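Right, one structure below, let's go through it.
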Amino acid sequence: MRNLFFLPLAALAGTLLTSFLPLAPQARASQFGQIEVDQSKFVLVASPIGNGSRHQLLIIEQVKNTRPCWSVIPETPTRIDPLLLSFNFSGICDRKIDSNGYSLRIAGVDLGLNYRLSIVRRNGQMLLVGQAFRSGPELVIAKANGESSGFAKLELQPGWRLGRRTFSGTPLGHIYLVTDQVPPGMALQGAQPRPSAAVTPPSVSSPVNPSPSSLQQPVTPRPLPSASQTPALTPPRLTPLRPLRPANPPQP
């Protein structure tokens, strides 16, 4: 079985130079941004280590369409043939093999310093999970539809996708595994979750605030009634007050 790590030295050095980016301190990580990528240009692979009893995450990117970088073999689980191992893939394919090339980003927050990505075997499946270094929930990010000792395709779970890291607007080689929603049990400082598409706001019969168009419509004043139409006001009748007399006049 071909091993991922026996690559031409020139291709290996070129790929490491384009994908290597040390994990920055948290203060600098907040400066990283993210852009969307064409998901069809990437494949997530459970790559075997040694005899295939353990696996690690491999992300392959089709940079140019000169030659295909992988092929899919429809078996159970779905197998991946990493074609890039059979030619000098520099400039045609790219691949990420460790945390220098990929990390987690949740609701706009980089978690490369908080979570590691591992492939574990559970209940007859291989799972790509995010495991916290200190404390935090375990995240199931992708699954293979079975177990294998070779290269197996991993399918991202609903809500997850790939993105590319940017710094000051410049795209970098680092790839994110991204979700916009904060998972249950996780507290993220500075998180910017997007509203879930499944949540529908309640409908109201009339808007609370007037629309801008209605604010621009001129208000026509109502005409005042004429003098003939105004009823005459009759002053009230006043009764003169009688002077007060003492009940028992004083004796001389």
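The residues of the chain are indexed from 1 along the displayed sequence. This one's a predicted model, so the numbers in the text were calculated from it and none came from an experiment.
At a threshold of 4.5 Å between non-hydrogen side-chain atoms, the residues Ile106 and Trp160 count as touching. Taking the side chain as every heavy atom from C-beta outward, Pro82 and Phe151 approach each other to under 4.5 Å. In this structure, Thr78 and Val72 have side chains that are in contact, with non-hydrogen atoms separated by less than 4.5 Å. By the 4.5 Å heavy-atom criterion applied to side chains, Ile141 and Leu117 are counted as neighbours. Between Leu44 and Leu177, some side-chain heavy-atom pair lies under the 4.5 Å cut-off. Between Val178 and Gln34, some side-chain heavy-atom pair lies under the 4.5 Å cut-off.
Going from atom CG of Leu58 over to atom CD1 of Ile80 covers 9.5 Å, rounded to the nearest 0.5 Å. A distance of 8.0 Å separates CZ of Phe42 from CG of Asp94, quoted to the nearest 0.5 Å. Between atom CD of residue Gln56 and atom CD1 of residue Ile49 there is a gap of 4.0 Å, rounded to the nearest 0.5 Å.
Ser148 and Gly150 make their closest contact through OG-N, 2.9 Å (heavy atoms, listed as atom of the first residue, atom of the second, distance). Between Val140 and Gln157 the shortest heavy-atom distance is O-CG, 3.9 Å. For the pair Leu172 and Phe167, the tightest heavy-atom approach, listed with the atom from each and the gap, is CD1-CB, 3.9 Å.
Arg67 meets the side-chain contact (heavy atoms from CB on, under 4.5 Å) test with Phe87; sequence neighbours excluded. With sequence neighbours excluded, the residues that form a side-chain hydrogen bond (donor to acceptor under 3.5 Å, both in side chains) with Ser40 are Asp38. Taking the side-chain contact (heavy atoms from CB on, under 4.5 Å) definition, one finds that Arg79 meets it with Ile73, Glu75, sequence neighbours left out. Residues forming a side-chain hydrogen bond (donor to acceptor under 3.5 Å, both in side chains) with Ser53 (at least two apart in sequence, or on another chain): Asn51. Residues meeting the side-chain contact (heavy atoms from CB on, under 4.5 Å) test with Asn123, sequence neighbours left out: none. Take Ser71 and apply the side-chain contact (heavy atoms from CB on, under 4.5 Å) test, not counting sequence neighbours, and it matches Asp81, Leu83.
The salt bridge (charged side-chain N to carboxylate O under 4.0 Å, His left out) contacts involving residues 147-157 comprise Arg121-Glu147, Lys153-Glu155, where partners must be two or more places apart or lie in separate chains. Among pairs with a residue in residues 40-65, those fulfilling salt bridge (charged side-chain N to carboxylate O under 4.0 Å, His left out) read Glu61-Arg164, at least two apart in sequence or across chains. Residues in residues 44-86 take part in these disulfide (SG to SG under 2.5 Å) pairs, two or more places apart or across chains: Cys69-Cys93.
With Asp110 contributing its side chain and Leu104 its backbone, the two residues share no donor-acceptor pair below 3.5 Å. With hydrogens and angles disregarded, a donor-acceptor distance shorter than 3.5 Å links the side chain of Thr179 to the backbone of Gly159. Of the possible polar contacts, one joining the His174 side chain to the Asn100 backbone as a donor-acceptor pair under 3.5 Å is found.
Hydrophobic cluster membership for Ile35: none, as no Ile, Leu, Val, Met, Phe, Trp or Tyr side chain comes under 4.5 Å of it.
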Side-chain donor/acceptor pairs under 3.5 Å, residues 129-136, sequence neighbours excluded:
unit_1, atom_1, unit_2, atom_2, d
Gln131, OE1, Ser118, OG, 3.3
Gln131, NE2, Glu138, OE2, 3.4

Report task. Kindly determine whether Leu139 and Met186 satisfy side-chain contact (heavy atoms from CB on, under 4.5 Å), including the steps that lead there. Result -> CA-CA 10 Å; Leu139 310 174; Met186 176 180 290; 4.0 Å; yes
